[in-house]
Amino acid sequence: DAKTTQPPSMDCAEGRAANLPCNHSTISGNEYVYWYRQIHSQGPQYIIHGLKNNETNEMASLIITEDRKSSTLILPHATLRDTAVYYCIVVYLGSARQLTFGSGTQLTVLP
Amino acid sequence: DVKVTQSSRYLVKRTGEKVFLECVQDMDHENMFWYRQDPGLGLRLIYFSYDVKMKEKGDIPEGYSVSREKKERFSLILESASTNQTSMYLCASETSSTDTQYFGPGTRLTVL
């Protein structure tokens, strides 16, 4: 899998949008961008994924640049429960394979 | 919603004991995974299964075995627990048509 780089930590005020960046400059054409998050002492939670178009679901929006070398996860109205480590990974769509998480971004939502 | 459940959130065992960790998913997913997560080491794959009675070794299978007798259930077995198996154990499942893995809440195992 291609490597990703993320800032180690970010703060966001409650109620504001949280924009989490991710660089994946070596991504290949058949690799998807996935975002997961992990709240302390819980299992990782799938958030969203995309190939090249922007995606939105009930949790977040994913903006992927045209060259696909970077992306941004947007939580439109962050709440205290969104405090977690957010992982951006690239995944080759194929047979079952393991997920490899990097260090992720610790997002802290402040009251 | 996909639901993946694990038999225990916290477990304390003694060295040498046989330990069973169970994982159940309710979405008819073909693929199931067992990971362990340790500080500074990230997620490491122990075993995975892509069908009933099928299993594949991951990166760190030593000291572990698995069982998948039914599609919805994937069990991880520590034949003789050791202190270096103290960890957070995470089960995940996915349908083979996507690469979206859904995780259980995790079992924090302490081996004394």
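Worth knowing before you read on, the calculation uses all heavy atoms, side chains too, and leaves out hydrogens, waters and symmetry mates.
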Minimum heavy-atom distance between [X] and [Y], given as atom pair plus value:
X        : Y         : result
Leu90(B) : Pro44(A)  : CD1-CD, 3.7 Å
Tyr87(A) : Gln37(B)  : OH-NE2, 4.1 Å
Ser41(A) : Arg108(B) : OG-NH2, 4.4 Å

If hydrophobic clusters are built from ILVMFWY residues whose side chains come within less than 4.5 Å, do [X] and [Y] share one?
X        : Y        : answer
Phe74(B) : Met88(B) : no
Ile77(B) : Phe33(B) : no
Tyr50(B) : Met32(B) : no
Ile46(B) : Val24(B) : no
Val66(B) : Phe20(B) : no

- Query: Which class fits the ring pair Phe103(B) and Tyr36(A): parallel under 30°, tilted 30 to 60°, perpendicular over 60°?
  - Reply: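 It falls in the perpendicular class, over 60°.
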- Query: Is chain A contacted by the side chain of Arg9(B), its backbone, both, or neither, given a heavy-atom distance below 4.5 Å?
  - Reply: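 It is the side chain, since no backbone atom gets that close.
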- Message: I'd like to verify something: which residue of Leu45(B), Leu43(B), Thr100(B) has the highest number of heavy-atom pairs under 4.5 Å with chain A?
- Response: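 The residue among Leu45(B), Leu43(B), Thr100(B) with the greatest pair count is Thr100(B).
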- Please list, in residue-number order, every residue in residues 54-80 of chain A that has a heavy atom less than 4.5 Å from any heavy atom of chain B; write 'none' if there are none.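 Within residues 54-80 of chain A, no residue comes under 4.5 Å of chain B, counting heavy atoms only.
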